[in-house]
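So the structure is just underneath, and the comments pick up after that.
Hydrogens, waters and symmetry mates are skipped; everything else that's a heavy atom, side chains included, is used. All chains are named by letter (A, B, ...) in the order of the sequence lines, taking the proteins before the strands, and each is independently numbered beginning at 1.
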Amino acid sequence: MQTTPGTVQVRFFARYAELVGRSATAVSLTLPATVGDVVRLVRERLPGAGAIPERPLAAVNLKHVRLDAPVQDGDEVALLPPIAGG
Amino acid sequence: MQTTPGTVQVRFFARYAELVGRSATAVSLTLPATVGDVVRLVRERLPGAGAIPERPLAAVNLKHVRLDAPVQDGDEVALLPPIAGG
Amino acid sequence: MTHFTREPLSLERLVAEVSSPACGGTCVFLGTVRNGPAEGGVTAIEYSAYEAMLEAEFGRLLADAGGRWPDVRIAVRHRLGTIPVGDASIAIVAAAPHRAQAFDACRFMIEEVKRRIPVWKKELRVDGSEVWVDPSGRPTAKPSHV
Amino acid sequence: MTHFTREPLSLERLVAEVSSPACGGTCVFLGTVRNGPAEGGVTAIEYSAYEAMLEAEFGRLLADAGGRWPDVRIAVRHRLGTIPVGDASIAIVAAAPHRAQAFDACRFMIEEVKRRIPVWKKELRVDGSEVWVDPSGRPTAKPSHV
């Protein structure tokens, strides 16, 4: 399988944003890759991100996705704490 | 069983009031008697009341009752068309 | 407490009556005068009631609901008189610590109202005719001799 | 259509959005900020959201509800920001020709909101502490290193 370099924007919300002290970061990675790969890279590279669960709720381009969903270059990947709306 | 004369006030509502052209009437009867007896007397004596069903919904002193419920002297007996509130 | 009015119902006021810091979920039911495809030209409905019994029966109904859901706060108001299409004829508010109870109590209330509360309605139609509505939803033609 | 606001929710306005002469039954759900015995000193809740996704997900949710109940008209608004105890954080209105659909659609909406709409809340307490609320209702202590 051919691999290419890519970048995704990763966004953090609520408690996760507090843990990493920011609301977004860019993550460079080798494609193809999954949301789970992005989570793993974030947890390794970003100070404070180790406290984010290994399997958080996630969204890509404003849609809920499973962690085995693929990411594309330029995607917006969001890591979502347990939802507590309503 | 000892019998005594009594009087009940009978009230009519909605379509039943239209049928008899009034909202109330006094009915003299021999006690003990039931709500069903009152209905029968009303349907016999009051012009227009024959169009009221033989077994209408009824209340005594502001409470739903069955037609075999007893009436006392001075009771308010109401004949209620099918309820259509809400 | 009066459970009926001849004025337009105020939903905000009814909600305020049962609001409490302990209640996180509030369910409201509004019954409104309808002129849908099945109605065919209703302009308004004239609501009438056995008013003294309405009050007594609402008191008993609220006591029944309070027995089933002790933590739920319920307010209800039935509008009487001539109500135009689109306006509310009844408003029920059930506020509860948790939403399931609020939904259940509110639904219970409207089902019981339709079964127990002595209210009647006469449809006023665009052609000038008036028809009593029976509980199955089918109008009863006005008797010809009236 | 915007499905969130930072202002107090207006129930009357939301009801008006979905009112229709064809609808005889309207069910409303209001979620309000609670300070009950289980909360212990909550003064307000700070609601935040992934706002762009909130809009997108509400759009998909309303489409789902429209598929299940084609005749039901639904409006929903989530309030964000700091909401004091007793104020509503969400209002959902479902207007239907008949009441059963209104209740079912309204209940569906709030259950799905709690499952799908990316909103978070942080309790602000009388002692000055702040705690994130997890979906089971148990607060998560603020990590000590923050």
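The stretch residues 26-33 of chain A places none of its residues near chain D, where near means some heavy atom under 4.5 Å from a heavy atom of that chain. Scanning residues 5-13 of chain A against chain D with a 4.5 Å non-hydrogen threshold yields A/R11, A/F13, sorted by number.
Counting non-hydrogen atoms of neighbouring residues, nucleotides and ligands closer than 6.0 angstrom, the CD atom of A/E54 reaches no more than 12 such neighbours. No more than 12 heavy atoms of other residues, nucleotides or ligands lie within 6.0 Å of CD in D/E7, so this atom counts as exposed by the packing criterion. Within 6.0 Å of atom CZ in D/R60, more than 12 heavy atoms from other residues, nucleotides or ligands are found, so the atom counts as buried in its surroundings. Heavy-atom contacts from other residues, nucleotides or ligands closer than 6.0 Å to CZ of A/R45 number more than 12.
At a 4.5 Å heavy-atom cutoff, D/A88 makes no contact with chain A through either its backbone or its side chain. Of the two parts of D/A52, the backbone and the side chain both hold a non-hydrogen atom closer than 4.5 Å to a non-hydrogen atom of chain A. With a 4.5 Å cut-off on non-hydrogen atoms, D/I110 touches chain A through its side chain but not through its backbone.
A heavy-atom distance below 4.5 Å is found between the side chains of D/M53 and A/H64.
No donor-acceptor pair under 3.5 Å is formed between the side chain of D/W132 and the backbone N or O of A/A14. Formation of a donor-acceptor pair under 3.5 Å by the D/Y47 side chain with backbone atoms of A/G86 is found in this model.
Closest heavy-atom contact between A/I83 and D/V113: CG2-O, 4.2 Å.
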